[in-house]
There are 2 protein chains.
Amino acid sequence: MPHSRLETFVTKKGFILLNGGITVKEALAHWKKVAKPTPVSHVVYVVDDSNRLVGAVELKDLLLDEPDKKLSSVMRADFPSIRLKAPISQAVSLAVEKEITEMAVVDDNGELVGMVFTDRLLDALNWMNTQNVYRLAGILRAREKVDLRLPSLVRGMYDRMVWLLFSVIVGVFVAGGILKHFETAIITVPAVTFFIPVLMGFGGNIGTQTSTVFVRMLSNKEAGVGRRLLKLLTADLITGGLLGIVLGLVTAVSSLLFFTDFRLALVLFISMMMISVVAILVGFMIPYLSHKKGWDPAIVSAPVVTSIKDVLALLIYFLFIRLLL
Amino acid sequence: MPHSRLETFVTKKGFILLNGGITVKEALAHWKKVAKPTPVSHVVYVVDDSNRLVGAVELKDLLLDEPDKKLSSVMRADFPSIRLKAPISQAVSLAVEKEITEMAVVDDNGELVGMVFTDRLLDALNWMNTQNVYRLAGILRAREKVDLRLPSLVRGMYDRMVWLLFSVIVGVFVAGGILKHFETAIITVPAVTFFIPVLMGFGGNIGTQTSTVFVRMLSNKEAGVGRRLLKLLTADLITGGLLGIVLGLVTAVSSLLFFTDFRLALVLFISMMMISVVAILVGFMIPYLSHKKGWDPAIVSAPVVTSIKDVLALLIYFLFIRLLL
């Protein structure tokens with residue numbers, strides 16, 4: 001989509017570029033001449049003789065500074081700039097951190113190519129977030145328009161189908177295959193069947209929670225993400241262990257209301273604990289590995305995490321059934 | 001959280017307020033006096049005698065307009081302003097639509113209380129989106145800090161537990177209850193068990209996709225949301241019907257590889273179609289009803305949609321088993 005790159009949001013006119021050698025007075029005069037017929041930014045960008053961006057002066061500084069000083073001596077040399085190829089999230093961080101409403105955009109040689117206003121970034125961020133939310137739900141892309149004509153409906157179907165088809169195939173061949181493998185256990189103790197939905201649901205939900213947190217963190221590419229990652233994983237695993245104990249107890253005790261089978265209750269309790277920890281590990285590993293591979297964590301995670309934890313939850317449950325029942 | 005309201009992002013100083021009766025020259029002189037010692041916005045807000053906001057003049061207009069004109073005659077009377085109590089999303093739409101990097105904030109009486117810069121809105125939007133993504137995963141709130149101390153871990157556990165507990169209880173008592181009710185079918189034809197994961201997963205995934213789309217739409221409170229809603233629902237139901245047919249066929253044909261039971265294949269095909277349409281209706285109804293009730297669609301939808309469609313998928317499947325098998 002055109003929206004996903006910073007480039008789309010760069011304005012290439014409406015700003016003034018001046019050489020650092022001229023004076024404040026000259027700059028102001030030039031500004032007035034240009035600004036009269038066309039709307040321009042209130043920031044004047046300062047370049048050196050080879051046209052590389054060296055700083056910027058705000059219009060208010062031109063008004064308040066001494067008229068005879070050179071631009072290069074009154075400009076802010078640290079005026080925030082960003083590379084044209086930078087991700088939008090980096091432009092957002094820069095604007096928030098430096099508290100600016102516009103920033104200079106430079107190419108790889110440091111030459112000014114334009115600027116980005118924060119209102120365009122708001123637009124970009126909104127779009128990006130819609131895309132991310134859609135991807136978490138396994139929809140390939142958000143479309144701008146709703147359209148009831150056939151080609152549009154087919155495209156919309158394709159956007160949703162890819163991941164649904166994947167999960168149906170995993171569901172039939174892997175989850176179904178596991179259940180077929182443990183057929184005798186099901187026939188011997190049909191009660192085990194009744195807890196398949198709750199165990200699969202639990203694994204799925206807790207795994208999704210974890211992957212959501214990590215996808216968000218990795219997409220934002222926060223500074224110092226490495227150390228935070230380990231800390232967050234540790235916190236998540238402890239939380240997950242506790243959740244597994246509490247919800248495992250709830251499930252085990254509830255099962256006794258249906259079937260007074262203490263060994264089944266024990267299997268449920270242990271399975272819930274194991275599923276919790278394993279689902280959290282999967283919920284972490286998948287976004288982490290996609291990030292390392294340079295793939296967008298959001299597009300890979302939700303579908304894959306959901307399918308893997310479905311299968312693992314079943315496997316864990318039936319392994320404990322075989323061991324303990 | 002303090003972050004969720006526009007109020008938090010309003011700047012109450014650093015801007016200049018002038019009466020519309022003074023001249024451009026006087027305004028510029030005043031601006032220079034104030035701007036010298038403290039940083040101020042490049043927009044001058046214009047108020048009437050009862051201090052109500054009537055317009056604004058940009059610094060560049062003060063420089064370019066005739067010095068003897070009155071502010072009230074050179075100001076933009078339509079300078080964008082927003083009510084203090086407006087949702088952040090509305091401020092974002094305003095900034096994007098009007099292409100502005102700051103806006104005036106007024107109270108219910110039209111008195112200026114401050115302004116919002118778009119870099120603060122970027123911060124707000126980023127935070128809001130993180131909250132929304134977390135809520136979709138059934139996490140009550142995003143916390144700023146990761147902390148390995150016990151009180152923090154317990155709070156993090158609570159944030160995730162509420163919805164997990166809800167889904168565990170629904171899973172045991174409702175989904176488990178349904179399976180117990182259809183116990184004889186399971187004992188008679190154990191093959192039906194093998195397709196429980198794929199049917200529940202399918203209902204869940206397709207329902208989540210739909211609710212994601214509608215939650216996003218309703219949260220953004222787009223203009224003309226009513227007509228778009230109906231159109232999107234129609235498109236979604238057609239798409240869902242088609243997806244149900246295609247994936248129902250995939251499931252039915254695959255089932256024949258495990259069990260050469262044509263009636264089971266027919267049950268699977270019809271169930272998938274029904275589940276698809278019902279899951280989409282639920283995925284639409286829940287966010288729509290929470291929106292109507294004035295609740296945040298994102299906080300209610302994911303957990304409730306997932307649980308309801310789990311239960312409905314099972315019910316639909318076993319009803320067709322009873323009817324056709």
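Residue numbers begin at 1 in each chain, while the letters A, B, ... track the order of the sequences. Below, all heavy atoms of this structure are taken into account, side chains as well, without hydrogens, waters or symmetry copies.
Only the side chain of A:Ile238 comes within contact range of chain B, with at least one heavy atom under 4.5 Å from a heavy atom of that chain. For chain A, no part of B:Val154 is nearby; none of its heavy atoms comes within less than 4.5 Å. Proximity to chain A (any heavy atom under 4.5 Å) is restricted, for B:Met200, to the side chain, taken from C-beta onward. For A:Phe195, the part lying under 4.5 angstrom from a heavy atom of chain B is the side chain only. For A:Thr210, the parts lying under 4.5 angstrom from a heavy atom of chain B are both the backbone and the side chain. For chain B, the nearby part of A:Val250 is the side chain; its heavy atoms alone come within less than 4.5 Å.
Taking 4.5 Å as the limit, some side-chain heavy atom of B:Phe258 sits within range of a side-chain heavy atom of A:Lys180. A 4.5 Å side-chain heavy-atom check between A:Arg216 and B:Asn129 finds at least one atom pair inside the cut-off. The closest side-chain heavy-atom distance from A:Ile186 to B:Phe194 is below 4.5 Å. A 4.5 Å side-chain heavy-atom check between B:Leu179 and A:Pro197 finds at least one atom pair inside the cut-off. Contact of the B:Val96 side chain with the A:Asn126 side chain is not registered, since no non-hydrogen atoms from C-beta on lie closer than 4.5 Å. For the pair B:Phe173 and A:Ser254, the minimum side-chain heavy-atom distance is below 4.5 Å. Counting only heavy atoms from C-beta outward, the side chains of A:Ile196 and B:Thr193 approach each other to under 4.5 Å.
The line from CG of B:Leu125 to CG of A:Leu121 is 10.5 Å long, rounded to the nearest 0.5 Å. Once rounded to the nearest 0.5 Å, the distance linking CG of A:Asn132 with CG of B:Leu136 reads 11.5 Å. Once rounded to the nearest 0.5 Å, the distance linking OH of A:Tyr158 with CG of B:Leu243 reads 13.0 Å. Atom NZ of A:Lys32 and atom NZ of B:Lys60 lie 14.5 Å apart (nearest 0.5 Å). Atom CD1 of A:Ile245 is separated from atom CE of B:Met157 by 9.0 Å, given to the nearest 0.5 angstrom. Between the CG atom in B:Leu164 and the OG atom in A:Ser276 there is a gap of 8.0 Å [rounded to 0.5 Å].
Chain B forms the most heavy-atom pairs under 4.5 Å with one residue out of A:Glu58, A:Glu102, A:Glu183, A:Arg120, and that residue is A:Glu183. Between chain B and the options A:Leu122, A:Thr212, A:Ile100, A:Thr239, heavy-atom pairs under 4.5 Å are most frequent for A:Leu122. If you tally non-hydrogen atom pairs under 4.5 Å between each of A:Val246, A:Val92, A:Leu148 and chain B, the highest count goes to A:Leu148. When each of A:Leu153, A:Leu314, A:Leu268, A:Leu257 is checked for heavy-atom pairs under 4.5 Å with chain B, A:Leu153 comes out on top. Your options are B:Leu232, B:Leu199, B:Val170, B:Val174, and the one with the most heavy-atom pairs under 4.5 Å with chain A is B:Leu232. Ranked by heavy-atom pairs shorter than 4.5 Å toward chain A, the options B:Asp61, B:Leu242, B:Leu28 are led by B:Leu242.
Side-chain atoms of A:Gln209 come within 3.5 Å of backbone N or O of B:Gly138 as a donor-acceptor pair. The backbone N or O of A:Ile206 sits less than 3.5 Å from a side-chain atom of B:Arg160, completing a donor-acceptor pair.
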Would A:Leu64 and B:Trp31 count as a side-chain contact (heavy atoms from CB on, under 4.5 Å) here? Give the steps.
CA-CA 10 Å; A:Leu64 297 170; B:Trp31 188 91; 4.1 Å; yes
Pair A:Ile169-B:Val198, side-chain contact (heavy atoms from CB on, under 4.5 Å): steps then yes or no
CA-CA 8 Å; A:Ile169 287 173; B:Val198 67; over 6 Å; no
With side-chain contact (heavy atoms from CB on, under 4.5 Å) as the criterion, how do B:Leu59 and A:Leu63 come out once you've worked through the C-alpha distance, each side chain's angles and the decisive distance to 0.1 Å?
CA-CA 10 Å; B:Leu59 174 60; A:Leu63 279 170; 3.6 Å; yes
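Between the side chains of A:Asp119 and B:Thr101, not a single donor N or O lies within less than 3.5 Å of an accepting N or O.
Heavy-atom minimum distance, B:Met272 versus A:Val168: CE-CG2, 3.9 Å.
Between A:His42 and B:His42, the ring planes lie parallel to each other; the angle is under 30°, not in the 30° to 60° tilted range.
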